[in-house]
Amino acid sequence: MLLVLLFFIGLAGGMLGSLVGLGGGIIIVPALLFIGNYTSLLPSITPQLAVGTSMIILIVTGLSSTLSYMKQKTVYFKAGMIFFIGSGPGAFVGALINKTIDLHLFYIFFGTFVIFISLLLSVQKYLKPNTNPVGITYRFRDKQGEEHFLQFQPVLAVLIAFIVGVLSGLFGIGGGSLMVPTMLLLFRFPASIAVATSMFMVFLSSIVGSIAHIQLGNVEWLWILVLAPGAWIGAKAGAFINRRLKDGTVIVILRLVLVVVGVRLIFQGL
């Protein structure tokens with residue numbers, strides 16, 4: 001029963017994470033905490049153990065979905081590598097901070113964070129396109145065949161990505177919860193490119209964050225053996241579904257997921 005449940009948690013996390021660029025930790029971390037602390041299926045789980053285990057699974061999800069999005073030609077590798085310059089060190093710092101977090105505060109901070117991100121996405125449609133770009137300009141053709149000129153400032157991107165990396169290592173959510181909205185709101189990327197590029201960055205930064213969590217002993221390897229296959233399959237499925245959805249639909253799904261998860265976590269923390 002437990003093995004089947006863990007497999008489907010990995011499947012759900014991988015699918016949703018790949019679909020909207022979150023990485024999957026936003027499902028896996030709360031699910032492990034709930035099962036460990038409110039059922040008899042697993043022993044009591046600390047936030048640190050849930051996050052460390054989730055971080056390993058994010059490597060699997062990130063690699064699986066990146067390979068799928070590469071076939072769709074929606075990964076902006078240049079931006080992803082620049083973001084990783086900030087997110088990589090940030091993920092390591094976040095993992096070190098994680099060991100000091102109290103369980104109830106963890107719930108409240110995590111829930112407030114994801115609701116805030118959802119609110120940011122709700123104003124996206126009111127923002128005008130950037131007509132005075134600064135930084136790198138890159139021409140990209142999206143999955144609908146429309147040509148875009150993407151612009152972003154590398155220094156700003158690295159600074160933001162560092163904050164994203166800290167949150168990734170802290171909460172085990174892969175960084176996509178903040179990086180996707182950043183690419184949508186600040187750099188005006190199409191949703192399809194933002195999601196695919198985010199998963200590439202999630203893959204890279206999760207490797208760094210995982211190293212820190214392994215050193216701290218925050219990983220349950222037996223659970224990973226069951227979660228990983230589900231996450232790999234789910235990530236492939238999420239990328240497949242994303243290809244068939246309009247960008248606006250992907251953003252709506254992302255907002256709804258963030259609100260539901262955020263509210264539930266805050267209530268648990270309180």
Side-chain angles (χ1 to χ4, degrees), residues 1-68 91 94-95 98-99 101 103 106-107 110-111 114 168-177 199 202-203 205-207 209-241 253 257-258 260-262 264-265 267-269:
M1 174 64 182
L2 176 60
L3 297 181
V4 173
L5 181 59
L6 289 176
F7 175 84
F8 278 103
I9 289 174
L11 183 71
M15 182 180 298
L16 188 61
S18 178
L19 175 62
V20 293
L22 301 188
I26 201 168
I27 298 294
I28 296 172
V29 172
L32 290 177
L33 287 172
F34 178 81
I35 294 173
N37 296 307
Y38 294 96
T39 74
S40 60
L41 295 175
L42 288 175
S44 181
I45 301 174
T46 64
Q48 291 79 13
L49 185 59
V51 169
T53 301
S54 172
M55 188 65 70
I56 300 293
I57 299 302
L58 291 179
I59 298 176
V60 177
T61 304
L63 177 59
S64 177
S65 56
T66 296
L67 292 175
S68 295
N98 174 274
K99 63 182 179 180
I101 288 185
L103 176 61
F106 178 87
Y107 280 130
F110 194 8
V114 294
S168 170
L170 186 62
F171 293 131
I173 55 177
S177 296
M199 292 309 299
V202 164
F203 168 62
S205 60
S206 295
I207 294 175
S210 294
I211 293 173
H213 280 290
I214 291 172
Q215 292 176 340
L216 294 170
N218 294 337
V219 178
E220 178 53 69
W221 294 103
L222 182 60
W223 302 346
I224 288 173
L225 291 177
V226 185
L227 288 166
W232 181 272
I233 296 171
K236 293 290 185 183
F240 178 82
I241 296 171
I253 295 173
V257 170
L258 292 177
V260 171
V261 173
R264 184 179 61 80
L265 287 173
F267 273 103
Q268 285 182 225

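- Considering only heavy atoms from C-beta on, V219 comes within 4.5 Å of I224 through its side chain.
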Could you give me the CA-CA distance, side-chain angles and deciding distance for I9 and I35, then say whether side chain to side chain contact (heavy atoms under 4.5 Å, CB included) is met?
-> CA-CA 11 Å; I9 289 174; I35 294 173; 3.3 Å; yes

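- Between the side chain of S65 and the main chain of A239, no donor-acceptor pair closer than 3.5 Å is present.
- Contact check for F203 versus L67: no side-chain heavy atoms found under the 4.5 Å cut-off.
- Here the CD1 atom belonging to I27 is positioned 11.5 Å from the CG atom belonging to L11, to the nearest 0.5 angstrom.
- Counting all heavy atoms, side chain and backbone alike, S68 lies closest to K236 at OG-CD, 3.0 Å.
- Minimum interatomic distance between E220 and T53 (heavy atoms only, all atoms of both residues): N-OG1, 3.2 Å.
- Of all non-hydrogen atoms in T66 and G62, the two that sit nearest each other are OG1-O, 2.6 Å.
- In terms of modelled atom types and a separation under 3.5 Å, the side chain of S54 and the main chain of A50 share no donor-acceptor contact.
- Counting heavy atoms from C-beta outward, W223 and L2 have side chains that stay 4.5 Å or more apart.
- Rounded to the nearest 0.5 Å, atoms OG (S210) and CD1 (I56) are 3.5 Å apart.
- Within 6.0 Å of CZ on F7 lie more than 12 heavy atoms contributed by other residues, nucleotides or ligands.
- With M199 as the fixed residue, the side-chain contact (heavy atoms from CB on, under 4.5 Å) test singles out one of L58, L63, T61: T61.
- No donor-acceptor distance shorter than 3.5 angstrom exists from the side chain of S64 to the backbone of V60, with no hydrogens or angles considered.
- Using a 4.5 Å cut-off on side-chain heavy atoms (C-beta onward), L32 and L6 make contact.
- Pairing each heavy atom of M15 with each of I241, the nearest pair is SD-CD1, 4.2 Å.
- Rounding to the nearest 0.5 Å places CG of L227 at 4.5 Å from CD1 of I57.
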